[in-house]
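Everything on this sheet refers to the single structure shown next.
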There are 2 protein chains.
Amino acid sequence: MTKKPVTIKEIAKEAGVSIATVSMIFNNKDKSISQATREKVLEIAKEKDYIPNSMARSLVTRQSRTLGLVLPDIVNPFFPEIARGAEDKARQARYSIIICNTDDNLEQEDKYIDILTEKMVDGIIFAHSADRKDIARESRKYRMPIVLIDRDYAMPNVMGKVLIDNQKASCKGVNYLLEKGYKKIAYIAGSMNTQTAKDRLDGYKNALAQNKITYDNHYVKIGEYKSQWGMEATRQLLEENIPFDAIFCGNDLIAIGAMKALKEASLRVPEDVGIMGFDDIYVASMVEPELTTIKQPIYEMGYRAAEILIDGIENKEQPRNKSSEGRKIILDTELIVRKSS
Amino acid sequence: MTKKPVTIKEIAKEAGVSIATVSMIFNNKDKSISQATREKVLEIAKEKDYIPNSMARSLVTRQSRTLGLVLPDIVNPFFPEIARGAEDKARQARYSIIICNTDDNLEQEDKYIDILTEKMVDGIIFAHSADRKDIARESRKYRMPIVLIDRDYAMPNVMGKVLIDNQKASCKGVNYLLEKGYKKIAYIAGSMNTQTAKDRLDGYKNALAQNKITYDNHYVKIGEYKSQWGMEATRQLLEENIPFDAIFCGNDLIAIGAMKALKEASLRVPEDVGIMGFDDIYVASMVEPELTTIKQPIYEMGYRAAEILIDGIENKEQPRNKSSEGRKIILDTELIVRKSS
DNA sequence: ATGAAAGCGCTAACAA
DNA sequence: TTGTTAGCGCTTTCAT
């Protein structure tokens, strides 16, 4: 477009020095370059609006200062935060990020791996959706280090993992309700076909066990992650006369639905019924600012993943070839206690 | 990482041909190459797991097949859809996308422009936040074509624009309510400091005018884009005994809040009160599946922007230097009429 | 303190 | 139909 970009060569000529000198100055390898030359070069570069060509640089350094971010779908509200976290860390370290939406399609994923390889990204952050199949792909393709996010996954070249302890999180949430004095806690879950969901249910059971409360599956409703289901399940609990005094919800949509149903039944939150949700998609905070929720450190996952990756890249760490290895970080969730609680 | 990638040279040697031949084959400029050689080369390439180095390629072709997507914040729910649309189109055309969150910070934006220039992106999709200042930045920096999204903006090198007609949209929404038989339509707006918000209010006024209804500012409440405000404003309308029979809401959060307040007052939707919201952040569909909303073609904006950009790049179109030029697309909104209406 | 020169892996004339 | 060669813009020894 427009005018041809100026190159290092022109700067060199203009300044009456060699291109090597200019290059060194721009790479801060200028310990041995006289202040005078440096200043002159810098000035000319600025005046000519010189911007180095990172392609040429990458070609020789074999580093693109670019990371791939592979995720199922940026529109799924779980992922923008990850992307943002990763991008923030990347920016600090002067890396860029290429996003790749795979729609959980293995073929597309493979294609992206190839593209990212072509583009010589220095590493990949892999954010699989929770319900992705567990098979690792053919290994030789992965030429660059990978950091896994949110989900453990058998895969070669893994340099690290950043996960959330969902079990602990829901255990913590239920314990919070118990501490608040609620005794009979129902659980409205979303679908049960993800490990995440299973972990959350386990956490609920653990919390009950810890408090010597017998698990009773009449208190547990399994459906889908929709506010509609939250309403419905709550109505069911009410109709079935389950004597619950609190509801723990699989996510925030469910919690919102549950709150509606409670209001319909003229039950007050939190006076009559305690309620808590997993803030999966950040809807709760927008719609029910008073709902206490379990906030997942999603942003942090992205951030930490980029951190591990960049760290590994810059220290030339070798990624492990067994999925069980590499750096592993388990992040904790946080309880967001809102006004009404 | 791991083993050194194989190059075109090795493939050539192995196949006993020149690198030019291999290159041509991989670039589909192989009209003149014998089937035998082609097959042999392809086979060897596959066997050796050859992946071309796009850096080297870009260096000579001066095309990176990469686009920059500059937006305020991917976490703002407006933008993931744009990103997705852009990415979908880009992928089809074999382009990748680098995301850049600017946080509405001009300095960061400039930095990103430089980075994108370094990385030789072929073009940039610019999605400014609605309340961004209107000054264009210093022009010479922009070396590559730009497509603007959602907001008209004075800027050099603009190849096109993709906008939404907010005025028309809200006019349409209000008209829909009028057609449904509602006569006295209140308007709960968010903040008024964006052009978008002003356009929506204008659309409301237009619709009234078209239907010979006198505009009465008692029917209009201006606040912020939060469900809390939706509740509050609705309560105000009720307390002030404004005889409204429908509410048009500045966005979906406001609409959700309004619905809550109506329920509190035992008013049924849509029997007693019609209600409509702008589906700005796609919360309505998750939380109030029955609310009728105005859906903005956000995904499409991203898609079309990428389309214009790629088209321009591939046809070597010159971007215009006055902001008033370039291709301009005004997208229409869609009414999502849900069950209860 | 600086320059010359050899590539990085590839494409694109131009030759053969 | 295929090979030779000259770069693309930069980094990086190795000289000077």
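Note on naming: letters A, B, ... go to the chains in the order of the sequence lines (proteins, then strands), and numbering restarts at 1 for each one. Quick caveat: nothing in here was measured; it's all calculated off a predicted structure.
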| Bend angle of the helix from dA1(C)-dT16(D) to dA16(C)-dT1(D), from helix axes over five pairs at each end, nearest 10° | 40°
| Pairing of Glu43(A) and Lys40(A) as salt bridge, 4.0 angstrom limit | no
| said: Filter on ring pair (Phe, Tyr, Trp, His ring centres under 6.0 Å), then keep only pairs touching residues 4-62 of chain A, sequence neighbours left out; what's left? | reply: Phe26(A)-Tyr50(A)
| message | Treating Glu118(A) as the side-chain partner and Ile51(B) as the backbone partner, does any N or O pair qualify as donor plus acceptor under 3.5 Å? | response | no
| said: Using a heavy-atom cut-off of 4.0 Å across all strands, would you classify Ser34(B) as base, sugar-phosphate, or nothing? | reply: sugar-phosphate
| Under 4.0 Å protein heavy-atom contact, by nucleotide of nucleotides 8-16 of chain C - B base, S sugar-phosphate only | BBBBB----
| field | Covered region of DNA chain D, 5' end to 3' end, by chain B [heavy atoms, under 4.0 Å] | value | dT1(D) to dG9(D)
| said: Holding to salt bridge (Lys or Arg N to Asp or Glu O under 4.0 Å), I want the full list of residues that pass it with Glu314(B), two or more places apart in sequence or in another chain. | reply: Arg65(B)
| task | Name the nucleic acid region contacted by Thr37(B), choosing base, sugar-phosphate or nothing; use a 4.0 angstrom heavy-atom cut-off, strictly under. | result | sugar-phosphate
| task | Using a strict cut-off of less than 4.0 Å between a Lys/Arg side-chain nitrogen and an Asp/Glu carboxylate oxygen, indicate whether Arg84(A) and Asp103(B) qualify as a salt bridge. | result | yes
| request: Just grab all the ring pair (Phe, Tyr, Trp, His ring centres under 6.0 Å) pairs involving residues 86-123 of chain B, residues at least two apart or on different chains. | output: none
| Between Lys111(B) and Asp114(B), is there a side-chain N and carboxylate O pair less than 4.0 Å apart? | no
| message | If we ignore hydrogens and angles and just use 3.5 Å, is the side chain of Asn315(B) paired with the main-chain N or O of Glu317(B) as donor and acceptor? | response | no
| task | Ignoring hydrogens and angles, tell me if any N or O in the side chain of Ser54(B) forms a donor-acceptor pair with the backbone of Arg57(B) under 3.5 Å. | result | no
| field | Gln63(A) side-chain N/O to Asp122(A) backbone N/O, donor-acceptor pair under 3.5 Å | value | no
